[in-house]
2 protein chains.
Amino acid sequence: MNTRRISDSTVRRLSGYLRYLRQLSADGRPVVSSRELADETGTTAAQVRKDLSQFGSFGQRGRGYPVTALRDVLIRILGLRRQWRVCVVGAGRLGSALLGYEDLARRGFEVVAAFEIDPAKVGRSVRGVPVLPVEELEREIDMRGVEIAILAVPDAPARQLAQRLAAAGVTGILNFTSTKIDPGPGVAVRVMDIAVELEGLSYTIVTGASAGGAGP
Amino acid sequence: MNTRRISDSTVRRLSGYLRYLRQLSADGRPVVSSRELADETGTTAAQVRKDLSQFGSFGQRGRGYPVTALRDVLIRILGLRRQWRVCVVGAGRLGSALLGYEDLARRGFEVVAAFEIDPAKVGRSVRGVPVLPVEELEREIDMRGVEIAILAVPDAPARQLAQRLAAAGVTGILNFTSTKIDPGPGVAVRVMDIAVELEGLSYTIVTGASAGGAGP
DNA sequence: TAGATTGTTAATCGATTAACAATC
DNA sequence: TAGATTGTTAATCGATTAACAATC
């Protein structure tokens, strides 16, 4: 066991292990090996053991890892023993697609509100989630105890909204825009940018990197 | 200049530089420094220079990088001189949110078809994109020259659909599901998993890593 | 006991950062 | 010329891989 700072890549892999462990647990499987975890999540057995060993010793030599115990350990490590309260900013196509998303709730993230600037969209409720006017963002975030925001607006207002979210007390932002936001210290940010990923695919395809094809 | 294999992180940053350069170009700015590119995309000036130097020398010492020339270089490097033909598999909430997405077309990715298993959703057209029956996936991909697929279906059918997409000749898949897909060699894969990112935020928040707060 | 598999250390690899001569 | 900023090399840092003794 080790107390270095845990890397992003490690945390990302832990999510993958957790997802598979939940599945195994539902299937009633008692034990799993680092090899199986690795194969199923796209990494190596050594990497799995290394990742887990940064937090403690959870396996049994010769046998493997107990499924439910390891699942619970990962749930604790990732901070998922509690339900997080999430809002979606922007109730356009993408934003409203995320409302009432069952799987998110099951995995610990409950979307409790959406915010929208267009008065035509404000007021109704999408799959049980109220769509509120963005002017009331600060008040509602406070009243509803929102901790994490999903930013699904056009690029233009993204930066300013990130500031407002930070000031309103949100501690994490998942940024779906292509704009770099800077909500300041104390607010964690993750980016999901479709264009970046598609451009990455484009690069890989044209260079033939994954195809084993000849170079340029 | 260098001919090592370019890392994922580098390619991701190139996307960021390109996005900002397009903006500067639209604004008529002639030159930009590595420092400004770095500040605007969340990296360091040294990193920007290092990234670009892997492909050649595009700047002028003492002056900076010519905006439009560098933009065009990045467009070429990333394989964006052509328009990519993209399909969306799964016309549910998320899938249909991606149809007719203007910004994607502007950045080189044209969604030309969607595939859906639910007969109730098949047949209509969403913002100009035809929603086709998934049984015709192979034929339509071939006929329409689709090269990249965005996989926006539930976890259960993801793996099998990835196989079919690969067999149908797709060379890149953007996987929005939480399932590990394995379309085989010759097909590039990128993952966008909301749950993974939210769990990453959760981890960062509970450990206080970005807040500079005290440890656990 | 024999076989399996962990936890951990050491070796390797790659990416980032720092520094600075070159030069606009 | 003086100031700015690149391109590149060397130094540092961190992550991944390999190997294996411990032990179930």
Side-chain angles (χ1 to χ4, degrees), chain A residues 1-17 20-21 24 29-67 69-71 73-74 77 200 203-204 207 209, chain B residues 1-17 20-21 24 29-67 69-71 73-74 77 200 203-204 207 209:
Chain A
M1 175 160 175
N2 209 316
T3 312
R4 257 184 308 135
R5 189 177 256 78
I6 306 305
S7 75
D8 248 39
S9 341
T10 299
V11 175
R12 224 174 279 276
R13 284 191 300 266
L14 294 181
S15 280
Y17 308 153
Y20 186 59
L21 287 162
L24 288 180
R29 269 278 299 283
V31 168
V32 66
S33 69
S34 56
R35 164 134 305 284
E36 182 177 350
L37 273 170
D39 289 348
E40 207 61 35
T41 59
T43 181
T44 66
Q47 183 76 79
V48 170
R49 296 200 297 277
K50 185 90 214 210
D51 286 341
L52 296 175
S53 76
Q54 294 181 280
F55 300 95
S57 303
F58 309 112
Q60 253 185 311
R61 292 169 199 246
R63 305 191 60 76
Y65 298 89
V67 168
L70 185 57
R71 178 201 59 186
V73 162
L74 289 180
I77 290 171
Y203 175 82
T204 307
T207 56
Chain B
M1 175 157 174
N2 208 315
T3 312
R4 256 184 308 134
R5 188 175 257 78
I6 304 304
S7 76
D8 249 38
S9 340
T10 298
V11 176
R12 224 173 278 276
R13 285 191 300 265
L14 295 181
S15 279
Y17 307 154
Y20 187 59
L21 287 163
L24 288 181
R29 270 276 300 282
V31 168
V32 66
S33 68
S34 57
R35 163 133 305 283
E36 181 177 350
L37 272 170
D39 290 347
E40 207 61 36
T41 59
T43 183
T44 65
Q47 184 74 80
V48 170
R49 295 199 297 276
K50 186 88 213 213
D51 286 342
L52 296 176
S53 75
Q54 294 182 282
F55 300 94
S57 303
F58 310 111
Q60 253 186 312
R61 292 172 199 243
R63 306 190 59 74
Y65 297 89
V67 167
L70 184 57
R71 179 201 60 186
V73 162
L74 289 180
I77 290 171
Y203 175 82
T204 307
T207 55

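Reckoned from all heavy atoms, side chains included, excluding hydrogens, waters and symmetry mates. A note on names: the letters A, B, ... follow the listed sequences, proteins ahead of strands, and every chain is numbered from 1.
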Exercise. Using Watson-Crick or G-U wobble geometry with both distances below 3.5 Å, tell me the partner of C:dT12, or none.
Key: D:dA15
Quiz prompt | Pairwise side-chain contact, A:Val73 with A:Leu52, heavy-atom cut-off 4.5 Å (strictly under) | solution = no
Quiz prompt | Distance, rounded to the nearest Å, where B:Ile6 contributes CD1 and C:dT16 contributes P | solution = 12 Å
Exercise. Side-chain contact test, heavy atoms from C-beta onward, threshold under 4.5 Å: evaluate it for A:Val31 versus A:Gln60 and give yes or no.
Key: no
Quiz prompt | Interatomic distance, A:Phe58 CZ vs C:dT8 C1' [rounded to whole Å] | solution = 15 Å
Exercise. Give the rounded distance in Å between these two atoms: CZ of A:Arg35 and P of C:dT5.
Key: 10 Å
Quiz item: Atom OH of A:Tyr17 and atom C1' of C:dT6: how far apart are they, to the nearest Å?
Solution: 14 Å
Exercise. Counting Watson-Crick and G-U wobble pairs only, both distances under 3.5 Å, name the nucleotide matched with C:dC20, or none.
Key: D:dG7
Self-check item: Among D:dC24, C:dT17, D:dT16, the one nearest A:Arg13 by side-chain distance
Solution: D:dT16
Practice problem: Determine the contact category for A:Thr44: base if any of its heavy atoms lies under 4.0 Å from a base atom, sugar-phosphate if only primed atoms, P, OP1 or OP2 are that close, otherwise nothing. | Solution: sugar-phosphate
Self-check item: Interatomic distance, B:Arg5 CZ vs C:dG14 P [rounded to whole Å]
Solution: 10 Å
Practice problem: Please tell me if the side chains of A:Asp51 and A:Ile6 come closer than 4.5 Å, counting only heavy atoms from C-beta onward. | Solution: no
Exercise. Taking all heavy atoms of A:Glu40 and all of A:Tyr20, pick out the closest pair and write down the distance.
Key: CG-CE1, 3.0 Å
Quiz item: Could you state the CD-P distance from B:Gln47 to D:dT6, rounded to the nearest angstrom?
Solution: 14 Å
Quiz item: When the distance from CG of B:Asp51 to P of D:dT8 is rounded to whole Å, what number comes out?
Solution: 14 Å
Quiz prompt | Side chain of B:Tyr65 (C-beta onward), nearest among D:dT9, D:dG7, C:dA15 | solution = D:dG7
Practice problem: Rounded to the nearest angstrom, tell me the gap between atom CG in A:Leu52 and atom C1' in D:dT16. | Solution: 15 Å
Quiz item: For A:Ser9 and A:Arg49, take the nucleotide of DNA chain D holding the closest heavy atom to each; which residue's nucleotide lies nearer the 5' end?
Solution: A:Ser9
Quiz item: Do A:Arg49 and A:Ser34 get their side chains close enough for a donor-acceptor pair, meaning under 3.5 Å?
Solution: yes
Quiz item: Is there a donor N/O on one and an acceptor N/O on the other, under 3.5 Å, for the side chain of A:Arg61 and the base of D:dT23?
Solution: no
Quiz item: Between C:dT8, D:dT16, D:dC24, which nucleotide gets closest to the side-chain atoms of A:Gln60?
Solution: D:dC24
Quiz prompt | Upstream residue (5' side of DNA chain D) when B:Ser34 and A:Arg63 are each assigned their closest nucleotide | solution = B:Ser34
